[in-house]
Structure formats: structure tokens, C-alpha cells
Amino acid sequence: MIRFIRNFYVEITGILVLGAFLYLLTSGYGLLFSLSELIRSGSVDLGPKWQNMSTIFLSIFIEGLPFILFGVFLSCLIHVYVKEETIWRWTPKNPLLSIPMATCLGLLLPVCECGIVPVARRLVQKGLPPYVAFTFLLAVPIVNPITILSTYFAFGDSWDMVFARTLTGAGIAALMGFLFYLFFRRVPVLKEEKQTACTHEQGSCGHESHAEERHVHHPEDRCDHHAHAEGGKWMHALHHAVFEFINMGKYFVLGALIAAGFQTFVGLSAIKSFSEQEGLALLMMMGLAFCLSICSNADAFLAASFRSAMGTVPLLGFLIYGPMMDLKNLLMMLGSFRLPVILFFFGGTTILTLLSVFLLF
Amino acid sequence: MRALLRVGICFGIAVMLLSLLVSGEITLVVHPRFKGLIAVSILLLIVLGLVQLWNLKRGEIHRIGAWGYLVILLPLLFFMVSPPKALDASIAANKGVSYMNAQALAKQQKLSPKQSAASQKGSNPNDSPSPEQAQPSDGTEPEIVEIDNPYKELVPKIKAEPVITFTEKNYADYFNTINMYPKEFEGKKIRLKGFVYRDETLKKNEFVTGRFTVTCCTADATVIGMVTTGSHAGQVKSNQWIEVTGTIQTVMYEGYEMPVIKLDSYKPVSPPKDPYIYF
């Protein structure tokens with residue numbers, strides 16, 4: 001019996017957990033309700049401000065969560081199915097070709113900025129040149145069918161704002177890509193992951209070492225279910241995905257928390273008082289875009305609510321800067337890339353956005 | 001131990017999402033169209049949790065500091081301590097309130113993209129819109145683009161109603177249509193629910209009957225509403241939910257027509273279970 005359990009504990013736990021969730025979903029209403037009743041009774045009345053903040057915080061978290069998970073799983077898929085040679089073959093060697101290509105990739109891969117960091121990081125690990133990956137990181141949240149559509153609807157069905165936003169965003173992303181090519185071509189960009197007790201000498205967790213082909217699987221005791229190389233690879237990639245999810249998640253949560261705090265305790269009205277001077281207003285709106293960390297798929301609607309108080313220039317600053325740089329995104333990058341790279345990236349994007357918005361509009 | 005914590009995090013978040021989904025409270029934090037996505041993420045979280053459970057013996061792959069675990073547990077903590085409730089009017093000012101014709105705003109900005117914000121300030125809708133300030137404009141009457149404007153088709157339909165009644169479903173459409181073609185509806189009776197919003201720029205006998213609109217998640221909620229005026233409008237308490245019955249009037253404001261509700265009567269109502277309008 002014990003032997004049986006030991007042999008099949010993978011399947012048994014799987015069935016148990018799935019069964020538990022299915023039970024909760026189908027007939028567990030009562031249980032869930034009593035759970036939420038319990039939560040209600042235990043909840044403290046913190047006053048409307050804290051209550052609102054908690055709601056906004058949870059809403060940013062829950063709204064972004066699916067996209068982070070997609071990002072993590074997409075990165076997993078890339079890990080298992082995309083070989084380094086494929087990337088080498090498909091990426092043009094000439095940055096003049098590869099950078100514009102990266103800016104348009106968003107049209108095929110509609111990921112918003114929450115999910116983009118794990119994907120970009122995985123692509124760099126797979127040997128995509130960092131300048132292409134960073135162009136991709138900047139461009140995808142803006143040059144993206146969902147973002148384009150929401151901007152179109154938010155601004156009274158007019159294409160002006162859409163063109164201004166998309167083209168400027170793509171331009172900045174491409175320019176940053178070229179700057180990256182000039183300065184960071186030979187510099188390692190990825191942060192080294194802190195390694196653990198997980199037997200590293202033996203080459204497990206070896207996907208960081210680009211040793212995919214000779215990836216020998218773990219010589220551990222519980223490897224009997226890793227009969228097929230593909231299955232084992234999946235298991236390993238998914239196991240790593242848990243780490244990636246929690247690692248990205250913690251920065252995301254931190255960003256959501258700060259953004260929610262800002263929304264409740266400072267508020268948009270503080271910004272409106274600065275709308276007298278355009279320069280100041282632009283800076284404030286960019287700062288706001290950075291702090292609020294709203295999904296790029298939805299920020300146009302928020303920007304539209306500012307039309308009464310702001311000119312076009314600060315609004316464009318908000319719309320262009322927000323998707324490329326925001327608090328939760330920056331925190332997630334801090335977990336993945338080296339600090340000098342991020343500083344360059346942050347500074348460059350900020351200055352380019354300021355310049356381009358001022359000069360072009 | 002930490003590997004077990006990871007399992008707990010994955011399953012914990014999954015259970016939180018599931019209970020929100022089952023109790024229907026998910027719509028208090030995100031747009032209903034995200035329900036499918038949430039369901040998929042519950043599945044993905046279960047997969048992640050299971051994988052971690054199967055690899056329990058191998059421990060945590062790559063270290064995460066203790067603060068990382070603390071941070072990722074925050075959503076669960078918040079959910080326990082103060083589960084999501086609907087936003088109330090007290091935060092409306094912080095989230096942005098708009099009660100002006102969107103078309104008019106778009107027009108203004110197209111005409112004067114370089115116009116400094118100082119003169120924009122003058123056209124701030126917060127300046128109390130009253131008939132005395134009306135500026136008759138001759139050439140700059142807003143020429144609303146007639147082609148493929150979906151709201152144009154709604155005009156006869158809405159006009160046919162004896163009393164224009166805003167419901168959860170039609171709120172956004174009706175609101176936009178009336179804002180775009182206020183002249184068409186002049187003198188019509190109107191009935192709508194909303195909370196009373198006031199700020200210092202509105203007159204004593206004016207308030208905004210507003211609702212939060214959500215396009216993606218509650219974080220992007222903004223208030224849309226109609227300016228309501230009347231001699232006894234000053235007595236209506238702020239932040240409470242009321243049902244307003246009134247007559248639509250138009251005022252000229254900055255050269256644009258703007259609908260205003262002349263208050264006939266109102267009665268306090270309890271806030272709806274799902275107070276948001278979803279775009």
C-alpha cells in the first residue's frame with residue numbers, strides 16, 4: 001500500500017487537488033460562502049480610505065495576474081519549444097533590420113506590459129541580442145492591437161491620438177534599440193540568479209547555461225516519471241515557472257500596492273492643479289503614468305478623463321511613457337536585469353519621451 | 001518548507017480567485033469580460049501549484065528572499081482583512097469626474113493642440129455651467145461627424161421613450177447619446193440612479209448624479225454623470241444614492257450645448273449590488 005502510494009503519489013496528489021477545486025467550483029458554494037462570511041466577520045473596518053485602497057490594490061493585482069501568468073507560461077513554451085538556432089536563424093544579423101522587426105512584433109504578440117518582462121528575459125536567455133529584446137520590451141505594449149483599439153475608442157473615435165501614440169512609441173523603442181546596440185552590445189544584461197541547494201554541480205537547473213541540447217536530466221531519486229525527455233523538460237520548465245511567477249509576482253504586488261496608495265491618498269486632483277504650465281503638466285503626467293501603473297490596454301480611457309484639464313502634449317506624454325515605463329514594470333525588470341542596464345534604459349526612455357513629445361507636438 | 005509555501009501561494013491565490021468568481025464579487029474589481037481570463041488563470045495556478053507539489057522534495061528552485069514571500073502574500077492578506085467593496089463617492093474626486101460632452105472636448109483639442117494649458121483652464125468644465133455664462137457662438141457650432149456615428153441611430157429610439165430611463169445596460173449609450181445631441185432631448189423627462197457628487201466648483205444648487213464606469217479594472221474607474229440643478233437641489237445630501245426624476249435642459253457652455261437635468265423630484269435608494277457601469 002505504502003509502496004503503491006509512493007509510486008503514484010504524483011497522480012494521487014493531482015487527482016486530489018483537482019477534485020478539491022472541482023468540488024469547490026460545483027457544489028462548494030456553501031463552503032465558499034461560509035468562507036467569505038468568515039472573512040467578512042474577521043475583516044476590520046478600516047475606514048473608507050483604506051477600504052478603497054484595498055479594493056484598488058486587489059483590482060490591479062487580479063487584473064494583471066492573468067497576464068503575468070500568460071507571460072510566465074509563454075516563457076515556458078519558448079523554453080521548451082524554441083531552440084537557440086531558430087532564434088539565430090530568424091533574427092536578421094543587421095540591427096537595421098532586426099530592430100524595426102522587433103517593434104512590429106507586438107502586432108502578432110499582444111502581450112501588455114505586465115507579461116512582457118518574463119518573455120523578454122527568456123528570449124535574452126535564449127540568445128536573442130539584448131538590443132532586439134529591449135526594443136521588443138518597449139514596443140510591444142504600445143504597438144499592440146488591443147492598445148490601439150482602446151486608444152481609438154477612448155478618444156472619441158478619432159485616429160489622430162492613435163497615430164501620434166503608436167508611431168512615437170515605436171520610434172522611441174527603435175531609437176532605444178539602436179542606442180542599446182551602440183553601448184551595451186558586449187555587456188551581459190541578465191542578472192545572475194541566486195543559486196540554491198538544488199544540486200547545481202550536476203548541471204540540473206542547467207537551462208541558464210544554454211546547454212539545452214546536452215541537458216542531462218536530474219540524477220535524482222524521483223525521476224521515474226521523467227521517462228520521456230520532452231515530459232521531463234516540461235516538468236522542469238514548469239517547476240522553474242513557479243519560481244518565475246513568484247519572483248515576478250512580488251515586484252508586481254509591490255507596484256500595485258504603491259499605485260493603489262497613490263490613487264487613494266494623492267489622487268488625480270493633485271495633478272490637475274499643475275495644469276497651468278505645459279512643461280510642468282507634462283512632467284506630472286509622465287510621473288503619474290509611472291506611479292499609477294495601469295495596464296496599457298486600459299490607460300487610454302483614464303487619459304481621456306483628463307481631457308478636460310490637460311492639453312494634448314501632457315496627455316501624449318502619459319500615453320507614451322506609461323506603457324514603456326511604470327513602477328511595477330521597473331520593479332519586475334530589477335528582478336531580471338542588471339542595474340546599469342536598467343538605469344540606462346530608464347533614463348534613455350524618459351529623456352527620449354520628453355524630447356519627442358515636446359519637439360513633435 | 002519554502003517549497004511548501006510556494007504551493008500554498010499558488011493554491012491560496014487560486015482559492016481567492018475562485019471564491020470571488022463563485023460569489024460574483026469579481027465584478028467589483030474587474031470588468032465582467034475578464035471572467036474567462038480569471039478562470040484560465042485559476043487553472044494555470046493549479047498547474048503551477050501541482051508541479052511544485054510534485055517537486056516538493058527538490059525544494060525551492062532558485063532562492064527567493066523572505067521579504068519576497070511576504071510581499072506576494074499581501075494580496076491574500078488584504079483579501080482577508082478587507083475584502084473588496086464597491087468604491088464610494090468619497091474617492092470620486094481622486095479618480096476624475098467628467099460631465100462634459102466628449103465630442104466637444106475632442107474638438108477643442110483638435111482646434112488648439114498647441115494652446116497653452118492656461119487658456120484650457122478657462123474651458124474647464126468645472127467652471128459652473130449656467131445659462132448666464134452662455135456664449136452664443138456663430139461659426140464654431142460643433143459639427144458632429146454624421147458618418148458612422150453609432151449614437152446617431154440611438155436618438156429616435158431614446159426619444160420614443162416617454163420617460164428616458166437609464167438602466168445598468170444602457171447607461172453608457174444613453175449618456176453618450178444625450179451628451180452628443182442634447183438639443184434633440186430638450187424637455188424630455190429623464191430618470192436615473194446615481195450617487196450625489198459635489199465639488200467646490202459646482203454651485204450651491206447643483207450636484208452631479210454620477211456613476212463609476214469601469215473599462216478594465218477598478219483602478220481605471222472614473223465617474224461620469226449629469227449636472228443636476230434645481231431650487232431644492234442644495235438639500236440633497238452628498239455621497240448618498242438617489243433616484244432622480246427631472247427634465248432635460250440644454251445650456252450653452254463655452255459654445256457647446258450641454259445637457260443639464262432640471263430636478264423635479266428625487267428619492268434616496270440603496271446602492272445597487274453591482275454599482276459600476278461597464279464599458
Which heavy atom in [X] sits nearest to a heavy atom in [Y], and how many Å separate them?
X      : Y      : value
A:T55  : B:V29  : O-CG1, 3.9 Å
A:L58  : B:P75  : CD2-O, 3.6 Å
B:R6   : A:V242 : CD-CG1, 4.0 Å
A:A241 : B:L48  : CB-CD2, 3.8 Å
A:N52  : B:A86  : OD1-O, 4.3 Å

**OP:** Kindly indicate, with the supporting measurements, whether the criterion side-chain contact (heavy atoms from CB on, under 4.5 Å) is fulfilled by A:M235 and B:N55.
**Re:** CA-CA 9 Å; A:M235 179 56 89; B:N55 291 300; 3.6 Å; yes
Subject >> Structural part of A:V17 lying under 4.5 Å from a heavy atom of chain B >> reply: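 It is the side chain, since no backbone atom gets that close.
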**OP:** Using non-hydrogen atoms and a 4.5 Å limit, figure out which bit of A:I68 sits close to chain B: side chain, backbone, both or neither.
**Re:**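 When you check distances to chain B, no heavy atom of A:I68 falls under 4.5 Å.
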Given heavy-atom pairs under 4.5 angstrom as the criterion, report whether the side chain, backbone, both or neither of [X] touches chain A.
X     : answer
B:L44 : both
B:A14 : both
B:L37 : both
B:L87 : both
B:L20 : side chain

Original post:
Sequence neighbours excluded, which residues qualify as ring-ring contact (aromatic ring centres under 6.0 Å, His included) partners of B:Y276?
Top reply: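 B:Y276 satisfies ring-ring contact (aromatic ring centres under 6.0 Å, His included) with no other residue.
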Original post:
With distance as the sole test, does A:Q51 use its side chain to make a donor-acceptor pair with the main-chain N or O of B:P84 at under 3.5 Å?
Top reply: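 Side chain of A:Q51 to backbone of B:P84: no pair is present.
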**OP:** Carefully, step by step, assess A:F70 and B:V40 under the rule side-chain contact (heavy atoms from CB on, under 4.5 Å).
**Re:** CA-CA 10 Å; A:F70 289 154; B:V40 172; 3.8 Å; yes
Subject >> Pairs of heavy atoms under 4.5 Å with chain A: top-ranked of B:L28, B:L53, B:I72 >> reply: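 Of B:L28, B:L53, B:I72, B:I72 has the most heavy-atom pairs under 4.5 Å with chain A.
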Original post:
Given the rule in the side-chain contact (heavy atoms from CB on, under 4.5 Å) test, do B:M16 and A:F61 qualify, once you have shown the distances and angles that lead to the verdict?
Top reply: CA-CA 12 Å; B:M16 173 177 96; A:F61 175 73; 3.9 Å; yes
Subject >> The single option from B:L70, B:L73, B:L74 passing side chain to side chain contact (heavy atoms under 4.5 Å, CB included) against A:V253 >> reply: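 Answer after filtering B:L70, B:L73, B:L74: B:L74.
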Subject >> Parallel, tilted or perpendicular: rings of A:F57 and B:F78 (30°, 60°) >> reply: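 The arrangement is tilted - the two ring planes meet at 30° to 60°.
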Original post:
side-chain contact (heavy atoms from CB on, under 4.5 Å) with B:V196: which residues, sequence neighbours excluded?
Top reply: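 For B:V196 the side-chain contact (heavy atoms from CB on, under 4.5 Å) partners, ignoring immediate neighbours, are B:R198, B:F207, B:V236, B:Q240, B:I242.
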Subject >> Contact leader toward chain B among A:L18, A:N247, A:T264, where contacts are heavy-atom pairs under 4.5 Å >> reply: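 Greatest number of close heavy-atom pairs with chain B: A:T264.
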Original post:
Can you tell me how far CD1 of A:I62 sits from CD1 of B:I26, rounded to the nearest 0.5 angstrom?
Top reply: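 It is 5.0 Å, given to the nearest 0.5 Å.
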**OP:** Test B:L17 against A:L65 for side-chain contact (heavy atoms from CB on, under 4.5 Å), laying out the working first.
**Re:** CA-CA 10 Å; B:L17 292 180; A:L65 191 67; 3.6 Å; yes
